[in-house]
Amino acid sequence: MRSIFQLKMALVLGCMMTGGCGMSFPPLAVVDYVDPVRYAGKWYEIARYPNTFERGCVGVTAEYTIRDDGKITVLNACRQGDLDGSVRSQEGIARIVDEETNAKLRVSFFFLFEGDYWIIALDENYEWAVVGEPSRNFLWILSRTPQLDEQILADIYDMLPDKNYDPSRLILVEQPTE
């Protein structure tokens, strides 16, 4: 039997897949190119738009591993309530849908539903990334470290309105201190 978490994730991904979750926006620009090998590895979630499937989550991480078939294994994990809380994780599969840029992916945590995962900003050294999707209902700021420099974070917030994202909707995610 599926958990409540899985059912919520299925509903959210279904909404993302159909684009029926919000208003119409101009096309969402992605970065010019992503090297999947450099992008692979562990990322810490610094900030996100609130969503049902991460409710109560802190210490959120995402780990991406390139598979032999060219797809990417996605392992999302979080702690419930506080940094000492129980770990909740979910494994999914991502596939690149724009091979010119490698910046547009579709992610599936349930084999029937896929959601857009578009890399809309990326540090040249792959130290931070911003991930969104065309309806602008979901947004994540990721970092290779649990903390992101305050000026970098401010600069990211400043560029979001140009992409039709509202930075005031972001919530900061508690992460362990280094």
Side-chain angles (χ1 to χ4, degrees), residues 8-9 11-55 57-64 72 74 76 78 92 94-109 113-175 178:
K8 287 180 180 178
M9 181 67 102
L11 289 171
V12 169
L13 288 175
C15 184
M16 289 169 61
M17 180 177 71
T18 63
C21 301
M23 301 183 307
S24 176
F25 290 101
L28 181 60
V30 296
V31 297
D32 292 336
Y33 182 75
V34 177
D35 177 347
V37 173
R38 289 184 70 195
Y39 196 83
K42 188 172 190 174
W43 292 88
Y44 294 85
E45 186 176 283
I46 302 302
R48 68 172 175 257
Y49 271 10
N51 61 63
T52 57
F53 55 90
E54 288 184 287
R55 186 171 290 136
C57 281
V58 299
V60 180
T61 60
E63 190 152 355
Y64 306 103
I72 301 163
V74 179
N76 289 340
C78 80
R95 63 184 177 86
I96 296 168
V97 295
D98 177 1
E99 293 182 3
E100 183 178 325
T101 67
N102 295 328
K104 293 180 182 179
L105 296 91
R106 301 279 292 169
V107 180
S108 173
F109 288 95
F113 297 102
E114 284 188 318
D116 290 317
Y117 179 108
W118 289 15
I119 302 166
I120 61 172
L122 180 63
D123 174 61
E124 66 183 26
N125 295 315
Y126 290 66
E127 294 299 315
W128 57 263
V130 181
V131 176
E133 46 73 48
S135 73
R136 285 22 176 236
N137 287 314
F138 298 91
L139 182 68
W140 293 271
I141 298 173
L142 308 175
S143 173
R144 292 294 190 176
T145 59
Q147 311 302 317
L148 187 59
D149 179 82
E150 287 183 26
Q151 185 58 57
I152 293 172
L153 188 57
D155 291 345
I156 293 170
Y157 273 56
D158 287 346
M159 68 90 165
L160 291 173
D162 292 339
K163 296 183 175 288
N164 293 297
Y165 276 101
D166 178 359
S168 71
R169 289 187 52 206
L170 285 164
I171 58 170
L172 294 174
V173 177
E174 183 182 3
Q175 290 286 358
E178 293 183 295

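The first residue in the sequence is number 1, and the count goes up from there.
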Pair Glu45-Leu142, side chain to side chain contact (heavy atoms under 4.5 Å, CB included): steps then yes or no: CA-CA 5 Å; Glu45 186 176 283; Leu142 308 175; 4.3 Å; yes
Side chain to side chain contact (heavy atoms under 4.5 Å, CB included) assessment of Tyr165 paired with Val130: CA-CA 11 Å; Tyr165 276 101; Val130 181; over 6 Å; no
Verdict with supporting geometry, Ile46 and Ile156, side chain to side chain contact (heavy atoms under 4.5 Å, CB included): CA-CA 11 Å; Ile46 302 302; Ile156 293 170; over 6 Å; no
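Listed for the Asn125 side chain is no donor-acceptor partner under 3.5 Å among the backbone atoms of Glu127. Within the 3.5 Å criterion, the main-chain N or O of Glu54 finds a donor-acceptor partner in the side chain of Arg48. With Asp116 contributing its side chain and Trp118 its backbone, the two residues share no donor-acceptor pair below 3.5 Å. Proximity of a side-chain donor or acceptor of Gln175 to a complementary backbone N or O of Val60 within less than 3.5 Å is detected. A donor-acceptor distance shorter than 3.5 angstrom exists from the side chain of Glu133 to the backbone of Phe138, with no hydrogens or angles considered.
Across every non-hydrogen atom of Leu160 and Pro167, the tightest pair is CD1-CB, 4.1 Å. The heavy-atom pair separating Tyr44 from Thr145 by the smallest distance is CD1-C, 3.4 Å. Here the closest non-hydrogen pair linking Gly132 and Leu139 is CA-CD1, 4.4 Å. Residues Leu122 and Ala129 come closest through the heavy atom pair CD1-CB, 3.8 Å. Of all the heavy atoms in Gly59 and Val173, the pair that sits closest is N-CG1, 4.0 Å.
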List the atom pairs, with distances to 0.1 Å, where a side-chain N or O of residues 28-43 and a protein N or O form a donor-acceptor pair under 3.5 Å, not counting sequence neighbours.
{"from": "Asp35", "atom 1": "OD1", "to": "Val37", "atom 2": "N", "distance (Å)": "3.0"}
{"from": "Arg38", "atom 1": "NH2", "to": "Glu124", "atom 2": "O", "distance (Å)": "3.3"}
{"from": "Tyr39", "atom 1": "OH", "to": "Tyr117", "atom 2": "OH", "distance (Å)": "2.7"}
{"from": "Trp43", "atom 1": "NE1", "to": "Tyr39", "atom 2": "O", "distance (Å)": "2.8"}

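Arg95 pairs by the salt bridge (Lys or Arg N to Asp or Glu O under 4.0 Å) definition with Glu114, not counting sequence neighbours. Listed by chain and residue number, nothing satisfies the salt bridge (Lys or Arg N to Asp or Glu O under 4.0 Å) test with Arg136 (two or more places apart in sequence, or in another chain). For Leu172, the side-chain contact (heavy atoms from CB on, under 4.5 Å) test picks out Ala47, Leu153, Tyr157, with sequence neighbours left out. Qualifying side chain to side chain donor-acceptor pair (under 3.5 Å) partners for Asn164, counting only residues two or more places apart in sequence or in other chains: none. Under the side-chain contact (heavy atoms from CB on, under 4.5 Å) criterion, Ala94 pairs with Ile72, Val74, Leu105, Val107, sequence neighbours left out.
Among the candidates Asp166, Ile171, Ile141, the single residue satisfying the side chain to side chain contact (heavy atoms under 4.5 Å, CB included) test with Tyr49 is Asp166.
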